[in-house]
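It should be emphasised that the depicted structure is a prediction, and the values quoted were computed from it without experimental measurement. Numbering of ligands and ligand atoms starts at 1, following listing order.
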Amino acid sequence: MAKPVILTGLRANNDLHIGNYLGGLLPIIDMATQKADDYQINLFVPDLHSFTTPIDHGTLQTGILQNLRVFVAAGLPLDHPDVHIYRQSYVPAHSELTWILDCFTGMGEMGRMTQFKDKSGKLSEDRISVGLFNYPVLMAADILLYGASYVPVGEDQSQHLEFTRDIAERLNSRFGDLFVVPKAVKEQHAFFGKDQGLRIKDLADPTKKMSKSDETGKGVIFMTDSPEAVRKKIMSATTDSLAKVAYDKDKQPGVTNLLDLLALFGKQDLAAVKKEYEGQEQYGPLKTAVADAIVEYLTKFQTALSKVSDEAILNKLKTSEEQMNQQANATLLKVQRAIGLRE
Ligand code: ADP
Ligand code: TRP
């Protein structure tokens, strides 16, 4: 029997930040390094997703290659036969299945997507593309073509994952068993050993999630930031005036974010971090510890990044993209037959 598939995609729009790294990338890297014998691992660059909002098209190619390098520097074992890297647009079945799924998707369903509301709210009417609107359908196609069961993503993508389950079930009940339905979000968290989705907050405004699309970049730590830049951003992170460290997402979102970051980058249990810092009356020592942990982590990561071989990436892309076309086309054909497009 085919192995269960773990799949995720990271867009190549800007440098990846620590939120992308911890929320989207690290869970799949852990699986690829520890469990690639039991699962198929698909880590891809959703390049067709890159211009749902306006971008500089001249830098897209560099961005795509840079993302692939980050995957490798983070520890993705390219030499494993069940680990695959690919660019979405090199597997045309993604676009074809999207069109088909589009025709079974309701306008209302898409209009309810929080990310659409957030992102379209920042654009003038004539710049809101239809692509931004139906982007969750493309994401569903990305997942369903390979029969992925587990899809590590940050909390902001949970709604899209739920939609993927809905559309898969809708077509399965109408046309017979076409798709593997990805596991429910809760089960996904359990699988990746978390109790909830991860949402790293912006350092300057901890009520918002850290995001690539942030204009100033002041509250965002990029994976390629220098130690000085990291220290500066952490030391000036917005906290509060309560003058007591406590883990409280509502009342002290800034401090809570710092405690989370220390646990994640210091590879410590959150409980241990809380025990050490909660109750302290100054935020300085916590900030210094967070900065130290991130600087140490990023320095190692950046050294690995500088050693990544582009040749190894290009070779792997070639093999993976051939194999993924085969897998994706097999699913697409099944769907085409079911809906009457093929004999
Ligand atoms: P961004 O919102 O920064 O443009 P993407 O939408 O490309 O990032 O997200 C890539 C991956 O990173 C997704 O799995 C997403 O859920 C995750 N992610 C993005 N921001 C965060 C965050 N602040 N905390 C945790 N995960 C995040
Ligand atoms: N939509 C995701 C994001 O913006 C990226 C993505 C595209 C993705 N296709 C996917 C993630 C399939 C997981 C699975 O972050």
Side-chain angles (χ1 to χ4, degrees), residues 5-29 41-53 55 63-64 66-67 70-71 74 86-89 91 94-95 97-98 101 113-116 118-119 122 131-132 134-165 167-168 182-183 185 188-189 192 194 196-215 217 219-223 249 253 257 260-261 264 324 328:
V5 178
I6 309 176
L7 171 151
T8 200
L10 283 113
R11 293 187 307 147
N13 284 35
N14 206 328
D15 273 350
L16 295 177
H17 56 73
I18 56 174
N20 303 139
Y21 188 83
L22 298 168
L25 191 56
L26 217 48
I28 200 164
I29 298 288
I41 309 284
N42 285 24
L43 183 50
F44 75 103
V45 181
D47 51 359
L48 293 170
H49 277 100
S50 290
F51 38 88
T52 50
T53 50
I55 59 157
I64 292 168
Q66 183 63 9
N67 258 30
V70 168
F71 298 170
Y86 52 100
R87 295 156 290 185
Q88 183 186 38
S89 72
V91 185
H94 289 245
S95 309
L97 182 61
T98 300
L101 297 181
M113 295 289 152
T114 321
Q115 198 172 62
F116 173 70
D118 285 354
K119 290 199 174 174
K122 291 187 192 135
L132 181 65
N134 79 338
Y135 136 116
V137 182
L138 178 56
M139 179 162 166
D142 298 338
I143 297 171
L144 299 176
L145 280 173
Y146 306 94
S149 300
Y150 298 101
V151 185
V153 282
E155 203 237 348
D156 58 308
Q157 299 293 321
S158 298
Q159 207 184 8
H160 300 163
L161 204 56
E162 285 299 349
F163 165 71
T164 305
R165 285 168 48 79
I167 186 93
K183 304 284 182 207
V185 170
Q188 304 260 357
H189 292 157
F192 293 106
K194 292 189 289 191
Q196 58 178 8
L198 194 68
R199 183 181 282 258
I200 302 298
K201 298 295 170 52
D202 183 275
L203 295 166
D205 178 358
T207 59
K208 295 193 317 194
K209 78 157 194 153
M210 190 177 282
S211 171
K212 283 189 218 120
S213 345
D214 178 69
E215 305 77 31
V220 181
I221 295 186
F222 293 101
M223 293 305 289
K249 281 190 192 328
N257 195 36
D260 277 333
L261 286 174
L264 291 160
M324 293 306 102

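Using a 4.0 Å cut-off to heavy atoms of Gly24, the atoms of ligand 1 that qualify are 14 (O). Heavy-atom proximity to Gly23, at under 4.0 Å, picks out these atoms of ligand 1: 26 (N). In the vicinity of Leu198, heavy-atom distances shorter than 4.0 Å reach the ligand 1 atoms 24 (N), 25 (C), 26 (N). Listed by number with element, the atoms of ligand 1 under 4.0 angstrom from any heavy atom of Arg199 are 24 (N), 25 (C). For ligand 1, the atoms closer than 4.0 angstrom to any heavy atom of Val153 are 14 (O), 16 (O).
A donor-acceptor pair under 3.5 Å is absent between the side-chain atoms of Gln115 and the main chain of Gln157, judged by distance alone. Judged by distance alone, with hydrogens and angles left aside, the side-chain atoms of Asp142 form no donor-acceptor pair with the main-chain N or O of Gly9 at under 3.5 Å. Between the side chain of Gln188 and the backbone N or O of Ser149, at least one donor-acceptor pair lies under 3.5 Å. Between the side chain of Thr52 and the backbone N or O of Gly131, no donor-acceptor pair lies under 3.5 Å. Between the side chain of Asp47 and the backbone N or O of Arg87 there is no donor-acceptor pair closer than 3.5 Å. In terms of modelled atom types and a separation under 3.5 Å, the side chain of Gln88 and the main chain of Leu48 share a donor-acceptor contact. Of the possible donor and acceptor atoms, none in the side chain of Asn134 sits under 3.5 Å from a partner among the backbone N and O of Val137.
The immediate protein surroundings of ligand 2, defined as residues with any heavy atom under 4.0 Å of it, consist of Leu7, Thr8, Gly9, Arg11, Phe44, Pro46, His49, Tyr135, Met139, Asp142, Ile143, Val151, Val153, Gln157.
The option from Asn257, Leu10, Asn20 that lies nearest to atom 9 (O) of ligand 1, judged by heavy atoms, is Asn20.
The side-chain heavy atoms of Phe71 and Val45, taken from C-beta on, include a pair separated by under 4.5 Å.
Scanning both residues, Ile28 and Asn42, for their nearest heavy atoms gives CD1-O, 3.6 Å. Closest of all the heavy-atom pairs between Val91 and Ala328 is CG1-CB, 3.7 Å. The minimum heavy-atom distance linking Ser211 with Val220 is given by the pair O-CG2, 3.6 Å.
If you look at Asp156 next to ligand 1, the close heavy atoms, those under 4.0 Å, all belong to the side chain.
At the top of the distance list for atom 14 (O) of ligand 1, counting protein heavy atoms only, stands Gly154 N, 3.2 Å. The protein heavy-atom contact nearest to atom 2 (O) of ligand 1 is Lys209 NZ, 2.5 Å. Of the protein's heavy atoms, Ile200 N, 3.6 Å lies nearest to atom 22 (C) of ligand 1. Shortest contact from atom 7 (O) of ligand 1 to any protein heavy atom: Lys212 NZ, 2.5 Å. Among protein heavy atoms, atom 6 (O) of ligand 1 sits closest to Arg11 NH2, 3.6 Å.
The shortest separation from a heavy atom of Leu22 to ligand 1 is not under 4.0 Å, leaving the residue out of contact. Residue contact annotation: His17 has a non-hydrogen atom under 4.0 Å from ligand 1.
Remark: Asp156 engages Lys209 in a salt bridge, criterion side-chain N to carboxylate O under 4.0 Å.
In terms of N/O distances under 3.5 Å, ligand 1 is approached by Gly19.
Taking the six-membered ring for Trp and the full ring otherwise, Tyr146 and Tyr86 have centroids separated by under 6.0 Å.
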